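A quick write-up on the structure given underneath.
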Amino acid sequence: MIELCEVKRVKRGTAFVELVKTDKCDGCNMCAFNKRKSMLVPTQCDISVEVGQTVEVEMPTRSVGAAALLIYAIPLLFMVVGVLIGLVGGVWLQVGLCAAGLAAGLLCAFLIDRAYRKKSGVLPKVLRVVDKDCGSDGSECESANA
């Protein structure tokens, strides 16, 4: 799916764009809009863009549901392991190991998420900069440029 988005921030090959919820988004559930009308999305950007420009962004077709489940499950798993190890000691040892397991799980999830986002095809990708005077599909500019 191709979307038009506005660049809000650019940082080392990643453009953060504002994705606005449209009618096409209703049944997809790929993005976590919840009740918000828009969200800031990191995108892979191999071209030069500036803040405020409108860009054409290709959304990934692969489902990232399994990865999201993994990211949530890892901290919980580490926390439960900490609690189970803490059963051999007192309550405060159990609480401490639970907190340490949660912290270690969050760190591990952060590192896995960072590595996963670098994989090709997972992040949305900026295709090109779109002139704001063009129509929504860019056809008016293509015919004007020809």
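The structure displayed is predicted, hence computed values, not measured ones. Index from 1, following the sequence.
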From CA spacing to verdict: side chain to side chain contact (heavy atoms under 4.5 Å, CB included), V17, E6: CA-CA 5 Å; V17 299; E6 182 180 344; over 6 Å; no
Is a side-chain donor or acceptor of T54 paired with a backbone partner of C5 at a separation under 3.5 angstrom? no
Applying side chain to side chain contact (heavy atoms under 4.5 Å, CB included), run through I47 and V126 and close with a yes or a no. CA-CA 8 Å; I47 61 173; V126 174; 3.8 Å; yes
Members other than L76 in its cluster, when Ile, Leu, Val, Met, Phe, Trp, Tyr link by side-chain heavy atoms under 4.5 Å? M79, L102, L106
Enter the distance from C98:SG to I85:CD1 here, rounded to the nearest 0.5 Å. 11.5 Å
Between V49 and V129, the two heavy atoms sitting closest are CG1-CG2, 3.9 Å
Assigning hydrophobic clusters by single linkage (Ile, Leu, Val, Met, Phe, Trp, Tyr; side-chain heavy-atom cutoff under 4.5 Å), is L93 placed with V81? yes
Would you give the length of the straight line joining atom CZ of R9 to atom OG1 of T14, rounded to the nearest 0.5 angstrom? 9.5 Å
Taking side chain as C-beta onward, heavy atoms only, is L84 less than 4.5 Å from L87? yes
Would you say V51 and K8 make side-chain contact, with heavy atoms under 4.5 Å? no
Which residues share a side-chain contact (heavy atoms from CB on, under 4.5 Å) with L127, sequence neighbours left out: I2, E56, E58
L77 with I112, same ILVMFWY side-chain cluster at under 4.5 Å: no
Do L97 and V83 have side chains that approach each other closer than 4.5 Å (heavy atoms only, starting at C-beta)? no
